[in-house]
Amino acid sequence: MKKIAVIGAGTMGNGIAHTFAQFGFKVNLIDISKENLQNGIDTISKNLDRMVAKEKISAEDKKATLKNITTHIDIPSGVKNVGLVIEAATENVKLKLQVFKQLDTNCTDDTILATNTSSISITQIAAEVSNPERVIGMHFMNPVPVMKLVEIIRGYSTSDRVTKTIMDLSKKLDKVPVEVNDYPGFVANRILMPMINEAIETLYTGVAGVYEIDTVMKLGMAHPMGPLQLADFIGLDVCHSILEVMYNGFKNPKYAPNPLLTNMVRAGKFGIKSGEGFYDYSESRKAEKVSEQFTK
């Protein structure tokens, strides 16, 4: 399996493509938007430049990595003759199901189909293909080239062979794969999202401010960033979507998105990517300035 396809050139997709290409795999990066593809390649190039500057790789390594990536604007051409497809499209159930229907039509029967979903059921996605035993979750962490963990999620029908293949493949990327079962939120977000939601609840009920909540968690719990800063980094819209998947999956009110989070998403305050969330990123991408609405 030396040739793979990645669907989606956004943050996670270009990070996954970067990582595989850096380790010598031929990568077909697929997106329906030429602009997204160019932005993805530009991001990979900039990230490689940082690695060169830090002397983690050479300039020749950068050239070789970029040479390993080919862009495509449609699924049929992008998945031709690949051993693995990793879907990294927007975290939207309908979209992912549509993608896997196309993959079932355009991929050979022995192509492994993986999804980078952070919360959506692998079993539900696998139901869209004729042989669901080849469908598996590969939940990479952001930023992909840096973070070691890959959550490997087995759907109800995922075969032992496919699981072992993906576990071994992840190790070849210098990652640490951890096998988990298919339940809403898996492990990472099953634990992380309720913490973020509770931090928002703590702000919402006036227990403490944004800076204070994050400082307590950073200095008291040794977290590298506070939960509200982390929510901004992930994207408040993404956090909201994951919580809704968990709430719908478990029917437990403890997973229901906090009303403040819902209102912020409705208002387009998504965090870093929109320029404002719990912090104001208009002058810096660092969480240094609390958003004005939380300083009154």
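The figures here come from the full heavy-atom set of this structure, side chains too, leaving out hydrogens, waters and symmetry mates.
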Backbone N/O of Val135 and side chain of Thr158: donor-acceptor pair under 3.5 Å = yes

Under a 4.0 Å N-O cut-off, is there an ion pair linking Arg134 with Asp104?
-> yes

Applying side-chain contact (heavy atoms from CB on, under 4.5 Å), name anything that partners Tyr156, two or more places apart in sequence or on another chain.
-> Thr123

Please name the residue in the list Asp214, Leu203, Leu230, Val290 that meets the side chain to side chain contact (heavy atoms under 4.5 Å, CB included) test with Phe278.
-> Leu203

How about Pro194 and Met246: do any of their side-chain heavy atoms sit closer than 4.5 Å?
-> yes

With a 4.0 Å cut-off, would you call Asp168 and Lys172 a salt bridge?
-> no

What's the shortest heavy-atom distance between Asp182 and Ser121, and which atoms?
-> OD2-OG, 3.2 Å

Does the side chain of Asn81 come within less than 4.5 Å of Thr108's, by heavy atoms?
-> no

For the student: nearest non-hydrogen atoms of Phe294 and Met264, plus distance | CZ-SD, 3.9 Å

Stepwise salt bridge (Lys or Arg N to Asp or Glu O under 4.0 Å) test for Asp74 and Lys80 | CA-CA 11 Å; Asp74 64 273; Lys80 189 176 182 179; over 6 Å; no

Got a sec: does the CD1 of Ile32 have more than 12 other heavy atoms crowding it under 6.0 Å?
-> no

Write down the atom of Pro257, the atom of Glu244, and the distance for their closest heavy-atom approach.
-> CG-CG, 3.8 Å

Under a 4.5 Å cut-off applied to non-hydrogen side-chain atoms, are Leu95 and Glu87 in contact?
-> no

Are side-chain heavy atoms of Met167 and Val150 found at a separation under 4.5 Å?
-> no

Taking all non-hydrogen atoms of both residues into account, name the closest pair between Met138 and Ser170 and its distance.
-> CE-OG, 3.6 Å

Could you tell me whether the side chains of Lys62 and Ser45 share a donor-acceptor contact shorter than 3.5 Å?
-> yes

Does the pair Asp232/Arg285 count as a salt bridge with the N-to-O cut at 4.0 Å?
-> no

Does any non-hydrogen side-chain atom of Lys273 lie less than 4.5 Å from one of Thr11?
-> no

Taking all heavy atoms of Thr65 and all of Gln22, pick out the closest pair and write down the distance.
-> OG1-CA, 3.5 Å

ring-ring contact (aromatic ring centres under 6.0 Å, His included) pairs, two or more places apart, involving residues 6-35 | Phe20-Phe25

Asp31 versus Ser33, side-chain donor and acceptor atoms under 3.5 Å | no

Can any side-chain N or O of Asn116 pair as donor or acceptor with the backbone N or O of Ala88 at less than 3.5 Å?
-> no

Take atom OH of Tyr211 as the centre, draw a 6.0 Å sphere, and report whether it contains more than 12 heavy atoms from other residues, nucleotides or ligands.
-> no

For Thr90 and Asn92, indicate whether the former's side chain and the latter's backbone hold a donor-acceptor pair under 3.5 Å.
-> no

Check the side chains of Asp61 and Ser58 for a donor-acceptor pair under 3.5 angstrom, ignoring hydrogens and angles.
-> yes

Do Asn197 and Tyr247 meet the criterion of a side-chain donor-acceptor pair at a distance under 3.5 Å?
-> no

Flag side-chain contact, heavy atom, 4.5 Å: Lys3 against Val82 | yes

Under 4.5 Å between any side-chain heavy atoms of Lys148 and Met141, yes or no?
-> no

Which residue pairs pass the side-chain hydrogen bond (donor to acceptor under 3.5 Å, both in side chains) test when at least one of the two sits in residues 251-265, sequence neighbours left out?
-> Arg190-Tyr255, Glu201-Asn258, His240-Thr262

Please name the pair of heavy atoms, one in Ala5 and one in Ile30, separated by the smallest distance, quoted to 0.1 Å.
-> CB-CD1, 4.0 Å

Should Ile191 and Val180 be regarded as members of a common hydrophobic cluster, given that ILVMFWY residues are connected when their side-chain heavy atoms come within less than 4.5 Å of each other, either directly or indirectly?
-> yes

Determine, step by step, whether Asp42 and Lys46 satisfy the salt bridge (Lys or Arg N to Asp or Glu O under 4.0 Å) criterion, reporting the C-alpha distance in whole Å, the side-chain angles of both residues, the deciding distance to 0.1 Å, and the verdict.
-> CA-CA 6 Å; Asp42 290 344; Lys46 290 175 184 176; over 6 Å; no

Are any of the side-chain heavy atoms of Leu261 and Val265 separated by less than 4.5 Å?
-> yes

